[in-house]
Amino acid sequence: MIMKGQKISDRYQIIKSIGEGGMANVYLAYDTILDRNVAVKVLRGDLATDEKFVRRFQREALSASSLSHPNIVEVYDVGEDNGQYYIVMEYIEGKHLKELLKKRGKLVLSEVIDIMLQITDGMSVAHDAYIIHRDIKPQNIMIQENGVVKITDFGIAMAMNATQLTQTNSVMGSVHYLPPEQANGKGSTLQSDIYSMGILMYELLTGKLPYKGDNAVEIALKHLKESLPSIKEDLPDLPQSVENIIIRASSKNPKNRYNDAREMHEDLLTCLDESRKNETKVVLENPENLDDQPKQKRQNNSKKEKENVKETKKEEEGELIAKQITKSDLKKQNKLLIALAAIFTGLVVIITSVVLLIPALTKQKELIIPDVVGLTEEEAVKKLQEEGFNVKDEVESVSSSEIEEGLVVKTNPIIGSKRTKGTEVTLYISEGDAKITLENYVGQDFNYVKGLLEGKGIRVLEEKRATEDENAESGKIIGQSVEAGEKLSPGDFITLYIPNIDKYPDFTDGSYTADSVKDYLKDYNVSVTVIEKEDTTHTKDTVIYQSRKAGDPIVRGASITIHVAKEPSKDIEDDPNKEPVDDCPTPGLC
């Protein structure tokens, strides 16, 4: 564990912890060389010895360090110190969009367009580099006091030209913003980020998510099956041009979405123009059931037409060139062609002789690789060698629910194939059943368990649940969808439930009224007692006192008393010597 005051690489002095993730912890640190505060992301100590996690962490660093844009958190340094792998990033002071939504409910149209323009501008750079973020959601979008947006956590980003897929290709983003193709277990594309940005834009405008359910799996199914609710029902005055952007971005069929973030950015730039506000509602070109045959046919027809035009043009040009060739030129050309034909014929004869005669002279007898499945390594080696094959010294380990641990599962080349004598054969030895037996994770840290399970190939979904337990801790697991003792295979899902512990905001900051406080606490079933207090120093109807301090956890079913400013009554104004009435029902709180 990294402690306050500790130095990493004798340069970055740790100030405090500012966040934890399934793969890494984030610290605020001071760069002693460049005299600035930075954020340092350090691979969790319990995962640093795992080669898969290290490779994934390094891949994150490589992806993020290649991006440079004012709306993307900048990466300064990447390194390793005494077995600790770290990334040094720009330190952002601000709040994420989820916090802003909780306070404001929803944002005004001009704010949303400005935020989305910044997000798509930043993501355009990532998409130009064929990097997919894979986890666009309000919690990963920071907004500073000056209104500048910063996209954070490219921790599960993946370069499209990666040589192989790893566990980062699992469903790891929040299920509320999950593209249908990811929910269906298919690979991600640039259009997957577009879908998440469409859902994010919907939420910023309406203050609510389009798909809700009792659990994460139900929500994922809705992303796959249900049409997006009409945003016009909540915002009837919304320009059609804006709704068109959301319809296109959040289409089930990736072919209907924008090709990349840059194309979405270009559409956002003009969506508030007067000429576009009442444009026709967009009609998606491809069916939402992903059957793109009609479009493909049209594309093929169009392609053929273009090719026919090119061929016609080539023929016309050929005729013009032919007219310029004299008879003398043609005679010279014929002589050259005859000479080239003779040379070519000679080469064909030579090559044919080499191809047909040499293999016939050197051909070896082909042997069939014997069946060694179920044998021990020693038995398999002996049998293969007796048949005339060589066996590779290093064996490969694979999981198998059918073949007992320690026995041969398969070979490469495969059993029954024909190979020449002396061919090297690789043995694959069973590791036994690959299923993971689950433990009781209640009470454990969510990020730690998530990292542990994802390292074994299990897909982890997070779901917050309201709790009446005042001792519940944020980030601690309070339940799981699959019981302890049951087994899951790599690729299976488990939902881990954590308490929905939010904190009371500062209701006295001048922006809250009694109605807005009640609306804010409605979902928590918190009872609100409102007391009006005569006050000349605060705006009328605003909250001037709250019995529960800002920062205290909101417990479901609790109660709170607030005081709201009202204008002094006329009799007090006329008679300054009149004693004020003490209307506080709760001594000690007023």
Taking the side chain from [X] and the backbone from [Y], do they hold a donor-acceptor pair closer than 3.5 Å?
X      : Y      : value
His265 : Leu117 : yes
Asn253 : Pro287 : yes
Ser241 : Cys271 : yes
Ser251 : Arg248 : no
Glu218 : Gly213 : no
Lys150 : Pro70  : yes
Ser124 : Arg262 : yes
Arg257 : Gln191 : yes
Glu266 : Glu263 : no
Glu463 : Ala216 : yes

Enter the distance from [X]:[atom1] to [Y]:[atom2] here, rounded to the nearest 0.5 Å.
X      : Y      : atom1 : atom2 : answer
Asn71  : Asp121 : CG    : CG    : 6.0 Å
Ile544 : Phe507 : CD1   : CZ    : 15.0 Å
Lys106 : Leu235 : NZ    : CG    : 5.0 Å
Glu99  : Gln139 : CD    : CD    : 9.5 Å
Ile72  : Ile151 : CD1   : CD1   : 5.0 Å
His563 : Thr529 : NE2   : OG1   : 9.5 Å

Check: [Y] and [X] side chains under 4.5 Å, non-hydrogen atoms:
X      : Y      : result
Ile199 : Pro210 : yes
Leu228 : Tyr211 : yes
Lys137 : Leu200 : no
Asp77  : Tyr86  : yes
Lys518 : Ile562 : no
Ser481 : Asn215 : no
Lys95  : Ile143 : yes
Met201 : Val242 : yes

Point to revise | Stepwise side-chain contact (heavy atoms from CB on, under 4.5 Å) test for Asp35 and Tyr30 | key: CA-CA 7 Å; Asp35 188 27; Tyr30 173 68; 2.4 Å; yes
Closest approach of [X] and [Y], non-hydrogen atoms and distance?
X      : Y      : answer
Thr542 : Gly510 : CG2-O, 3.8 Å
Lys212 : Leu209 : CE-O, 4.0 Å
Asn37  : Leu28  : CB-CD1, 4.0 Å
Leu67  : Ala129 : CD2-CB, 4.4 Å
Pro138 : His96  : O-CB, 3.5 Å
Ala261 : Ile194 : N-CD1, 3.6 Å

Exercise for review: Would you tell me whether Thr513 and Asp515 have side-chain atoms, one donor and one acceptor, within less than 3.5 Å of each other?
Suggested key: no
Review point. Should the ring pair Tyr512 and Tyr520 be called parallel, tilted or perpendicular, given that the plane angle runs from 0 to 90° and is split at 30 and 60?
Key: perpendicular
**Study point:** Residue pair Val175, Thr495: steps toward the side-chain contact (heavy atoms from CB on, under 4.5 Å) verdict
**Key:** CA-CA 11 Å; Val175 70; Thr495 301; over 6 Å; no
Exercise for review: Test side chain to side chain donor-acceptor pair (under 3.5 Å) on Ser511 and Asp509 and set out the steps.
Suggested key: CA-CA 6 Å; Ser511 64; Asp509 64 0; 2.7 Å; yes
Practice item. Sequence neighbours left out, what pairs pass side chain to side chain donor-acceptor pair (under 3.5 Å) with at least one residue falling in residues 193-204? Key: Lys98-Glu203, His127-Asp193, Tyr177-Glu203, Tyr195-His223
Exercise for review: Enumerate the residue pairs fulfilling salt bridge (charged side-chain N to carboxylate O under 4.0 Å, His left out) with a member in residues 231-242, sequence neighbours excluded, ordered by first and then second residue.
Suggested key: Lys208-Asp234
Exercise for review: Evaluate the criterion side-chain contact (heavy atoms from CB on, under 4.5 Å) for residue pair Tyr504 and Leu521; output intermediate values, then yes/no.
Suggested key: CA-CA 9 Å; Tyr504 286 100; Leu521 298 173; 3.8 Å; yes
Review point. Under the salt bridge (charged side-chain N to carboxylate O under 4.0 Å, His left out) test, which residues partner Lys277, sequence neighbours left out?
Key: Glu274
Practice item. Evaluate the criterion side-chain contact (heavy atoms from CB on, under 4.5 Å) for residue pair Ile247 and Lys281; output intermediate values, then yes/no. Key: CA-CA 9 Å; Ile247 291 173; Lys281 186 173 181 178; 3.6 Å; yes
